[in-house]
Enquirer: 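The structure that follows is given in the form of structure tokens.
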Number of protein chains: 2
Amino acid sequence: MGKRKIKTERRPEILDAALAIAAERGLDAVSMRTVAERVGVTPMALYGYFEGKDALLDALVGLLLSDLPAPDPSAPWEERLELIANGARDTARRHPAVFPLLFSRPSVTPAAVLVVDLLYQALLDAGVPEAHVPRVERLVSTFVLGFAVSEAGGRFSAGSADARSRRGGPEPGHLPAHHRLAAHLDAAVDWDAEFRADLEDLMWTIKAAAARGTG
Amino acid sequence: MGKRKIKTERRPEILDAALAIAAERGLDAVSMRTVAERVGVTPMALYGYFEGKDALLDALVGLLLSDLPAPDPSAPWEERLELIANGARDTARRHPAVFPLLFSRPSVTPAAVLVVDLLYQALLDAGVPEAHVPRVERLVSTFVLGFAVSEAGGRFSAGSADARSRRGGPEPGHLPAHHRLAAHLDAAVDWDAEFRADLEDLMWTIKAAAARGTG
DNA sequence: ACCTGAACACCGTTCAAGT
DNA sequence: ACCTGAACACCGTTCAAGT
């Protein structure tokens with residue numbers, strides 16, 4: 001295999017540069033050339049620290065994951081789960097351009113497995129039967145990731161902006177439910193409250209799974 | 001504004017070409033140049049049909065959305081919701097390379113609003129209070145989209161592949177929950193069954209929201 | 001040991017022109 | 001009305017060389 005030896009000393013510096021460019025000019029502006037320029041080096045020098053652009057982006061999602069809060073293991077499982085969920089959402093809002101990579105780049109980094117282990121433990125402590133824990137973990141993390149990506153990427157707000165602009169649109173009769181909900185669609189959404197409510201619903205699902213196991 | 005007039009006749013042909021290239025060589029291989037070549041035309045000819053590459057990709061997600069099944073309005077709300085959810089998952093598996101665009105490109109196409117309206121209607125018929133319908137719709141669609149993207153994009157299987165390869169890894173003591181769940185992590189996952197179970201859990205959440213409203 | 005320079009095969013897009 | 005050709009400012013990456 002053609003793997004050259006990979007240096008590590010300047011990796012944090014390089015990743016910071018990539019993060020800064022993504023924040024300022026979007027993910028598409030993150031190129032080997034722009035990152036290199038910001039670090040003050042030739043594009044080819046980056047290949048001493050990462051095997052290529054893909055590896056650099058993978059390291060970026062690893063960085064985001066290692067930023068998640070580590071809950072106190074002695075806290076109640078609900079608190080631990082909420083801390084991680086809120087941490088993921090915070091990270092998404094701090095790095096809206098980079099966060100969507102979590103969906104497209106299956107992260108197998110130690111940091112990722114650690115988070116999954118914390119979620120497994122919370123679900124076990126909640127009383128979810130062992131056979132169901134992996135599924136419920138995927139259910140929870142898929143939703144939390146999806147919410148964070150949607151909020152940070154504007155998928156949610158785009159929908160409501162459309163709802164606003166559609167008032168008196170060409171064919172109002174074809175969207176009966178929108179029409180009936182018009183009052184609620186025009187209102188500004190409190191995303192903090194929505195995420196809290198969603199987490200509460202998820203907690204119910206978890207408790208139901210636990211009850212089914214012990215019942 | 002510099003909008004030239006946009007032709008429409010050959011748009012389906014162009015989108016089909018883009019879909020075919022994505023299926024054969026991945027989304028990154030979809031370029032104005034490769035698509036044009038497949039259509040048998042110069043790259044610049046595409047600009048007569050789409051304002052640019054972004055517009056072409058937006059049209060691609062519009063195409064995927066219009067592929068979703070339209071449920072019989074007289075069917076029970078559970079059936080309608082399941083039909084749309086399963087349809088989304090089917091579409092993701094038919095177009096795994098393109099489907100993730102649904103997360104990154106807030107689609108405001110008529111097809112997208114139509115699907116949202118059908119979901120609103122199902123939730124209203126389930127008895128969810130009007131004030132909660134938009135939130136629960138986002139909850140449901142975020143999860144369904146997230147599951148479909150994760151499954152199609154390999155996020156789920158990457159995790160389990162890692163779980164397999166980690167047996168006897170360097171630091172087994174640091175992942176206690178993984179260790180305890182080892183038997184279940186090694187087993188092959190039936191994704192059809194998992195999605196069914198997840199939808200059942202979502203239905204419970206919806207019914208709970210409805211009961212809270214009427215109670 | 002670490003970095004540079006030139007080169008290759010690509011991109012999206014503008015502008016002016018062809019039929 | 002529809003398409004082409006040349007050009008511009010970009011990409012990721014290889015290879016050979018510099019200090």
Side-chain angles (χ1 to χ4, degrees), chain A residues 1-63 97-98 100-101 104-106, chain B residues 1-63 97-98 100-101 104-106:
Chain A
M1 350 230 132
K3 288 192 187 183
R4 21 179 170 22
K5 241 178 260 171
I6 293 295
K7 289 162 256 156
T8 59
E9 301 98 284
R10 305 187 69 183
R11 284 179 65 139
E13 191 187 344
I14 295 166
L15 294 175
D16 274 1
L19 239 32
I21 293 167
E24 289 165 13
R25 308 201 275 127
L27 187 62
D28 286 351
V30 176
S31 74
M32 298 302 271
R33 293 165 131 101
T34 56
V35 172
E37 187 188 33
R38 188 161 195 129
V39 174
V41 95
T42 253
M44 278 317 300
L46 298 185
Y47 288 79
Y49 298 91
F50 299 94
E51 289 197 21
K53 195 191 182 184
D54 274 8
L56 196 156
L57 293 180
D58 284 342
L60 232 38
V61 335
L63 221 183
V98 179
L101 290 180
S104 51
R105 315 208 147 239
Chain B
M1 348 227 130
K3 287 192 186 182
R4 22 180 171 19
K5 241 178 261 170
I6 292 295
K7 289 162 254 155
T8 58
E9 300 98 286
R10 304 187 70 182
R11 284 179 65 140
E13 191 186 345
I14 296 167
L15 293 175
D16 274 2
L19 240 31
I21 293 167
E24 289 165 13
R25 308 201 272 128
L27 187 62
D28 287 351
V30 176
S31 73
M32 298 302 269
R33 292 166 132 98
T34 56
V35 172
E37 188 187 30
R38 189 161 193 126
V39 174
V41 96
T42 253
M44 277 317 298
L46 299 184
Y47 288 79
Y49 299 92
F50 298 95
E51 290 197 21
K53 195 191 183 184
D54 274 8
L56 195 156
L57 293 180
D58 283 343
L60 231 38
V61 338
L63 220 181
V98 180
L101 290 181
S104 51
R105 319 210 141 236

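If you're wondering where the values come from, they're calculated on a predicted model, not measured in any experiment.
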Enquirer: Once you round to the nearest 0.5 Å, how far does CG of Leu46(A) lie from CD of Glu51(A)?
Expert: 13.5 Å
Enquirer: Would you indicate, yes or no, if dT13(D) has its OP1 or OP2 atom less than 4.0 angstrom from a side-chain nitrogen or oxygen of Tyr47(A)?
Expert: yes
Enquirer: Please determine whether a side-chain nitrogen or oxygen atom of Arg10(B) lies at a distance below 4.0 Å from atom OP1 or OP2 of dC3(D).
Expert: yes
Enquirer: In whole Å, I'd like the distance from the CE atom of Met44(B) to the P atom of dG18(C).
Expert: 16 Å
Enquirer: Please name the nucleotide paired to dT14(D) by Watson-Crick or G-U wobble geometry with both distances under 3.5 Å, or report none.
Expert: dA6(C)
Enquirer: Distance check, rounded to the nearest 0.5 Å: Leu60(B) atom CG versus Ile14(B) atom CD1?
Expert: 11.5 Å
Enquirer: Taking CZ from Arg33(B) and P from dC10(C), how many angstroms apart are they, rounded to a whole number?
Expert: 10 Å
Enquirer: Hey, could you give me the CG/CG distance between Leu15(A) and Leu63(A), rounded to the nearest 0.5 Å?
Expert: 5.5 Å
Enquirer: Working to the nearest 0.5 Å, report the span between OH of Tyr47(B) and CD1 of Ile6(B).
Expert: 11.0 Å
Enquirer: Over how many whole Å does the gap from Glu37(A) atom CD to dC10(D) atom C1' extend?
Expert: 13 Å
Enquirer: Could you check how far CD of Glu51(B) sits from P of dT13(C), rounded to whole Å?
Expert: 10 Å
Enquirer: Any carboxylate oxygen within less than 4.0 angstrom of a Lys/Arg side-chain nitrogen, looking at Asp16(B) and Arg38(B)?
Expert: no
Enquirer: Does anything in residues 55-62 of chain A reach DNA chain C, meaning a heavy atom under 4.0 Å, and if so which residues?
Expert: none
Enquirer: For the side chain of Thr42(A) and the backbone of Met44(A), is there at least one donor-acceptor N/O pair under 3.5 Å apart?
Expert: no
Enquirer: Does atom CD of Glu37(B) have more than 12 heavy-atom neighbours from other groups under 6.0 Å away?
Expert: no
Enquirer: How long is the line joining CG of Leu46(B) and C1' of dT4(D), in whole Å?
Expert: 12 Å
Enquirer: How long is the line joining CD1 of Ile21(B) and P of dC11(C), in whole Å?
Expert: 10 Å
Enquirer: Base, sugar-phosphate alone, or nothing: which one does Met32(A) contact when heavy atoms must sit under 4.0 Å apart?
Expert: sugar-phosphate
Enquirer: Without decimals, in angstroms, what is the distance between Asp28(A) CG and dC11(D) P?
Expert: 11 Å
Enquirer: Now, which nucleotide makes the Watson-Crick or G-U wobble pair with dT19(D), with each of the two distances under 3.5 Å?
Expert: dA1(C)
Enquirer: State which of dT13(C), dT13(D), dT4(D) makes the closest approach to the side chain of Lys53(B).
Expert: dT13(C)
Enquirer: Hey, is the side chain of Tyr49(B) poking within less than 4.0 Å of OP1 or OP2 on dC2(D), counting only N and O atoms?
Expert: no
Enquirer: Does Ser31(A) have a side-chain nitrogen or oxygen under 4.0 Å from the phosphate oxygens OP1 or OP2 of dG12(D)?
Expert: yes
Enquirer: Starting at atom CZ of Arg11(B), determine the distance to atom P of dC2(D), rounded to an integer number of angstrom.
Expert: 14 Å
